[in-house]
Amino acid sequence: MAGKLRIEIVTGERVVLTEDDVDMVSVPGAAGQLGILPEHAPLVTLLAQGELRIKKGNSEQSILVFGGFMEVTDDKVLVLADSAERLEELDLARAEDARKRAEASIAGRTST
């Protein structure tokens, strides 16, 4: 698989994606957007919330990630995400409910 990447995106609940022959991965790192190409130097970094993009040939797909870690070794990208959703799987009503619950939780806290 010379000149290509393998990407695996995993959460605590499931394997979100496993893909071979990937040309480039763009991820939201804690310090900014990172572009990973084949033969990238080994790397471990925190992930921020944002869009992870996978380029393979002329196609590109997006996955929303919400925190976690990424490890790059040889020609493999392993993403251990707190949460990850493919755009086609995104349930807007569920996401809106989660946002409302989070806001209510924050509003219910008291400052010390």
Side chain to side chain contact (heavy atoms under 4.5 Å, CB included) against [X], all qualifying residues, sequence neighbours excluded:
X     : result
Leu37 : Met24
Glu71 : Val44, Thr73, Leu78
Phe69 : Leu46
Thr18 : Arg6, Glu8, Val15

Handout entry: Option among Leu52, Thr45, Val25 that satisfies the side chain to side chain contact (heavy atoms under 4.5 Å, CB included) test with Leu34
Key =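 That would be Thr45; it is the only one of Leu52, Thr45, Val25 passing the side chain to side chain contact (heavy atoms under 4.5 Å, CB included) with Leu34.
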Handout entry: Partner set under side chain to side chain donor-acceptor pair (under 3.5 Å) for Asp23, not counting sequence neighbours
Key =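 Here the qualifying residues are Lys4.
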Completion exercise
Across all chains, not counting sequence neighbours, the side chain to side chain donor-acceptor pair (under 3.5 Å) partners of Gln49 are none
Handout entry: Smallest separation among heavy atoms of Pro38 and Gly3, with atom names
Key =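 So the minimum-distance heavy-atom pair works out to CG-O, 3.2 Å.
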Completion exercise
Nearest heavy-atom approach of Gly29 to Ala48 is O-CB, 3.7 Å
Handout entry: Under 3.5 Å: donor-acceptor pair, side chain of Asp75, backbone of Glu39
Key = yes
Exercise for the section: Treat each ILVMFWY residue as a node, draw an edge where side-chain heavy atoms are under 4.5 Å apart, and state whether Leu17 and Val22 are in one component. Expected result: yes
Handout entry: From CD (Glu85) to CD1 (Ile9), nearest 0.5 Å
Key = 12.0 Å
Exercise for the section: Please round to the nearest 0.5 Å and tell me the distance separating atom CG of Leu5 and atom CD1 of Ile36. Expected result: 8.0 Å
So do the side chains of [X] and [Y] get within less than 4.5 Å of each other, counting heavy atoms only?
X     : Y     : value
Leu43 : Met70 : yes
Val10 : Val16 : no
Val27 : Val65 : no

Handout entry: Of all pairs that satisfy salt bridge (Lys or Arg N to Asp or Glu O under 4.0 Å), the ones with a partner from residues 43-55, not counting sequence neighbours
Key = Arg53-Glu60
